[in-house]
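Remarks on the structure that follows.
For the single chain, residues carry numbers from 1 onward in sequence order.
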Amino acid sequence: MNVKANLIHMLLVEDDDDHAFLINRNLKSNRIINTVDRVKDGQEALDYLYMRGEFAESGARPDIILLDLKLPKVDGHEVLKIIKSDPSLHSIPVVVLTTSESESDRAKAYMHNANSYVVKPISSNGFQAMVHDLSLYWGVVNVGPPE
């Protein structure tokens, strides 16, 4: 299998500073993800994706979105629903990255066309391994949609 890493641009939608720090640190240590932009709530995620407010000049369309569900302002389920119902955004892979093991949260995420649902491990080693696996899959193995 001839696999080539393509550097990708990721949007991390995460309100927990500690989780965001761990994700960023582990993504950078894997050297697969080119850039990671972070927003702290659902409203910022939508503003980023629609280039509104402070993100009006960003011009940055992510290749993948890591989306927490439990977010302030606009919750992750609503953000996912908006992304996947918009023809200009629906092809962006969205990985739900959450602490919720709730079957109803998982069902709702997939009902709104999440590309993956990952429960954040509690242990530091488990968290690091999970981020490593995510970055390998989305940065090396997965072939994204054409531009």
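- No side-chain donor-acceptor contact under 3.5 Å links S123 and N125.
- For Y117 (side chain) and D105 (main-chain N/O), no donor-acceptor pair under 3.5 Å exists by modelled atom type.
- Residues V95 and V36 are members of one and the same hydrophobic cluster, defined by side-chain heavy-atom contacts under 4.5 angstrom among Ile, Leu, Val, Met, Phe, Trp and Tyr.
- Of the inter-residue distances, the one linking Q43 atom CD with D75 atom CG reads 12.0 Å to the nearest 0.5 angstrom.
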Pair L67-V13, side-chain contact (heavy atoms from CB on, under 4.5 Å): steps then yes or no: CA-CA 5 Å; L67 177 66; V13 186; 3.7 Å; yes

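- The line from NE2 of H19 to CG of N24 is 13.0 Å long, rounded to the nearest 0.5 Å.
- No continuous path of ILVMFWY side-chain contacts below 4.5 Å connects I82 to M111, so the two sit in separate hydrophobic clusters.
- Between V131 and L22 there is no side-chain heavy-atom pair separated by less than 4.5 Å.
- For E44 (side chain) and K40 (main-chain N/O), a donor-acceptor pair under 3.5 Å exists by modelled atom type.
- Clustering ILVMFWY residues whenever any of their side-chain heavy atoms sit less than 4.5 angstrom apart, transitively, puts I92 in a cluster other than the one holding L12.
- If you take CG on D68 and CD1 on I23, they are separated by 8.0 Å, rounding to the nearest 0.5 Å.
- The shortest non-hydrogen separation linking V96 to A114 is CG2-CB, 3.9 Å.
- The two residues G126 and P121 make their nearest non-hydrogen contact at O-CG, 3.4 Å.
- A continuous path of Ile, Leu, Val, Met, Phe, Trp and Tyr side chains, each step under 4.5 Å between heavy atoms, connects I8 with M130, placing both in one hydrophobic cluster.
- Annotation: side chain of L49 is in contact with side chain of P62 (closest heavy-atom distance under 4.5 Å).
- Taking a cutoff of 4.0 Å between a charged side-chain nitrogen and a carboxylate oxygen, K70 and D16 do not qualify as a salt bridge.
- By the 4.5 Å heavy-atom criterion applied to side chains, L134 and L97 are counted as neighbours.
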side-chain contact (heavy atoms from CB on, under 4.5 Å) between L46 and R52, worked out: CA-CA 8 Å; L46 295 171; R52 300 183 297 223; 3.5 Å; yes

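- Between the K84 side chain and the H90 main chain, a donor and an acceptor come within less than 3.5 Å of each other.
- Of the possible donor and acceptor atoms, one in the side chain of D63 sits under 3.5 Å from a partner among the backbone N and O of H9.
- In this structure, T99 OG1 and I122 CD1 are separated by 9.0 Å, a value rounded to the nearest 0.5 Å.
- Nearest heavy-atom pair, S91 versus R61, reported as atom, atom and distance to 0.1 Å: OG-NH2, 3.1 Å.
- Interatomic distance, L66 CG to R38 CZ, rounded to the nearest 0.5 Å: 12.5 Å.
- F21 and V39 are not part of a single hydrophobic cluster, where members link through side-chain heavy atoms under 4.5 Å apart.
- Taking CD1 of I65 as the reference point, atom OH of Y48 lies at 9.0 Å (rounded to 0.5 Å).
- Of the possible polar contacts, none joining the D37 side chain to the L11 backbone as a donor-acceptor pair under 3.5 Å is found.
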